[in-house]
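Reviewing the structure listed below.
Values reported hereafter were calculated over all heavy atoms of this structure, with side chains retained and with hydrogens, waters and symmetry mates removed. What you see is a predicted model, and the numbers here were worked out from it, not measured in a lab.
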Amino acid sequence: MLDLKQVRQDPQAIATELRRRGFDFDVAAFEQLDARRKQADVQSQGLQAERKIASKKIGELIQGGLAVDAAKQTVNQTLEKISAQLDDLTGQARQVQEELDALMMGLPNLLAADVPAGNDEADNRELSRWGEPRQFDFEILDHVDVGLGLGGLDFETATKLTGSRFVVMRGPVARLHRALVQFMLNLHTGSHGYTEVNVPYIVNADSLRGTGQLPKFEEDLFKLHHDLDYYLIPTAEVPLTNMLRDCIVEAEEMEQGMRFVCHSPCFRSEAGSYGKDTRGMIRQHQFEKVELVQMVKPLQSEQALEELTGHAEAVLQALDLPYRKVILCAGDTSVNAHKTYDLEVWLPAQDTYREISSCSNFGTYQARRMKARWRNPETGKPELLHTLNGSGLAIGRTLVAVLENYQCADGSVQVPAALLPYMGDVSTLSPQ
RNA sequence: GGAGAGGUGGCCGAGCGGCUGAAGGCGCGCCCCUGCUAAGGGCGUAUAGGUUUACCCCUAUCGAGGGUUCGAAUCCCUCCCUCUCCGCCA
């Protein structure tokens, strides 16, 4: 959510900014609604003030010994006038307020100045590459066939158990998957200063509103059949970031750094992606991810995004997986993000780089929704903090990348050196 | 699932129809006193919105939502959450 005051101050400037995203902000409609809100507020608040005075007077008269009815009589006129209008006016004021809230909730975040122009994925700008894609001297397989050969990936059984877009992993491949989780958690907690957290995988609607998945993207979520509005998490970002919802963090605690890392499953309905990436593990309804979240003081978030992205890159480098770093263009940056870097890993079978991590700075956008604040010692006042998150990394896609990049001519797969300690010294996954 | 107790400011905690946006304490900030240390005294200290150059002022908020009333932190209803006991259970 944007700052209402800021929008009010210069709606044209906001409109211009949002146009970069291709978002059309109707300034006239906003100003009209805001004016209506103001009028409704002034009227209803004025009336409430009158009522308060009248009520107080009755109280005083009764204290002074007057009978209750007699006391009411003295202010009768005022009361009648008030009771006739108050419900109506407060109702109106509330309704207008709700409309304005909805409008504000629907506005995307402002983009950072260095976000490149563009409409979609094709306009994202590559910033750097790391590693050399390996040259294969044999016919390579994609991860599905590699996994099948190892007897470790079983899509058919998963389809029987549930349906499409699920997978069963078995034996050494399942272990490799787990090894990736352990390795990443240890790296981020050991070398990057993150605190490991374990969170609920089911969250309420307030949490999803806080991070911005609701109200606009409900169709992407799995909602539970339950009396309360419960959802499966689409990413650990939701519970992790919402830990600070309605909190005021003391300055001292901020200094120590609010860095959290969490391994969790992620559940996504993938509505609207029919036919996309249907083969293999690239796009599943359930996948696992190691998520990085930081809450920082406003002036630090720009730097924090660089660092956080670097933490995700460190995983790819340790696994010796070639990747490139991309800055998302205006049209491809998600509505709640201020600036996003994607890390794309090299997938030889697809002969292309595919997203494996997305690292974003949200500025105050999420914090304002969540009322996540810190106490600024200079002012003594609570101020919104900045939130960031990134995948460090998506486990399923990392497994895909390992299977493809480390495959051998005989169908076996070498275990990356960094994972050996987690594999019980199994250094090669052999075909069955 | 059953029975009971409770949810008040950054924290603890009083209030249980009007003088309460809320006593008292802790914490925090400023000042005074004190030649170290320890202690003491004074003042200030919620959030959001409106208005304003600013001060003032106005409105809302005592878990959430309804209701009763001229008036609700206080009474009634529904829901959520926490704690204790019983049952069940990984």
| query | For A/I202, what residues pass the side-chain contact (heavy atoms from CB on, under 4.5 Å) criterion, not counting sequence neighbours? | reply |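 Partners of A/I202 by the side-chain contact (heavy atoms from CB on, under 4.5 Å) criterion, ordered by chain and then number, come out as A/L224, A/Y230, A/L232.
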| task | Begin from the C-alpha positions of A/Y194 and A/H311 and carry the test ring-ring contact (aromatic ring centres under 6.0 Å, His included) through to its verdict. | result | CA-CA 10 Å; A/Y194 288 80; A/H311 298 149; 5.3 Å; yes
| Is there a residue in residues 32-39 of chain A whose heavy atoms reach under 4.0 Å of RNA chain B, and which residues are they? |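 Within residues 32-39 of chain A, the residues near RNA chain B are A/R37, A/K38.
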Only pairs under 3.5 Å count here: list side-chain donor-acceptor contacts from residues 150-160 of chain A, not counting sequence neighbours, and write none if there are none.
from   : atom 1 : to     : atom 2 : distance (Å)
A/D154 : OD1    : A/E156 : N      : 3.2
A/D154 : OD1    : A/T157 : N      : 2.9
A/D154 : OD1    : A/T157 : OG1    : 3.1
A/D154 : OD2    : A/T157 : OG1    : 2.4
A/D154 : OD2    : A/R170 : NH2    : 2.5
A/T159 : OG1    : A/F155 : O      : 2.8

| message | Using a 4.0 Å heavy-atom cut-off to protein, can you give one letter per nucleotide of nucleotides 57-73 of chain B, 5' to 3': B if the base is in contact, S if only the sugar-phosphate is, - if neither? | response | -BSS-----S---BS--
| field | Residues in salt bridge (charged side-chain N to carboxylate O under 4.0 Å, His left out) contact with A/E50, at least two apart in sequence or another chain | value |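 For A/E50 the salt bridge (charged side-chain N to carboxylate O under 4.0 Å, His left out) partners, ignoring immediate neighbours, are A/K81.
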| query | What residues, two or more places apart in sequence or in another chain, satisfy salt bridge (charged side-chain N to carboxylate O under 4.0 Å, His left out) together with A/E302? | reply |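 With sequence neighbours excluded, A/E302 shows a salt bridge (charged side-chain N to carboxylate O under 4.0 Å, His left out) to no residue whatsoever.
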| request: Please name all residues satisfying side chain to side chain donor-acceptor pair (under 3.5 Å) with A/D101, sequence neighbours left out, ordered by chain then number. | output: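 For A/D101, the residues satisfying side chain to side chain donor-acceptor pair (under 3.5 Å) (neighbours in sequence not counted) are A/Q97.
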| Where does RNA chain B form stems of at least three consecutive Watson-Crick or G-U wobble pairs, each pair having both distances below 3.5 Å? |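 Stem list for RNA chain B: B:1-7 with B:80-86, B:10-12 with B:24-26, B:27-32 with B:40-45, B:46-50 with B:57-61, B:63-67 with B:75-79.
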| A/P382 near the nucleic acid: base, sugar-phosphate alone, or nothing, with a heavy-atom cut-off under 4.0 Å? |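 Sugar-phosphate, backbone atoms only, no base.
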| If you look only at pairs with a residue in residues 196-205 of chain A, which of them pass as a side-chain hydrogen bond (donor to acceptor under 3.5 Å, both in side chains), with sequence neighbours excluded? |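 Output for this query lists A/N204-A/S207.
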| A/H285: partners by ring-ring contact (aromatic ring centres under 6.0 Å, His included), with sequence neighbours left out |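 In terms of ring-ring contact (aromatic ring centres under 6.0 Å, His included), with neighbours along the sequence ignored, A/H285 is linked to A/F166, A/F222.
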Detail all sub-3.5 Å separations between protein N/O atoms and N/O atoms belonging to nucleotides 8-13 of chain B.
none

Under-3.5 Å N/O pairs linking protein and nucleotides 78-83 of chain B:
none

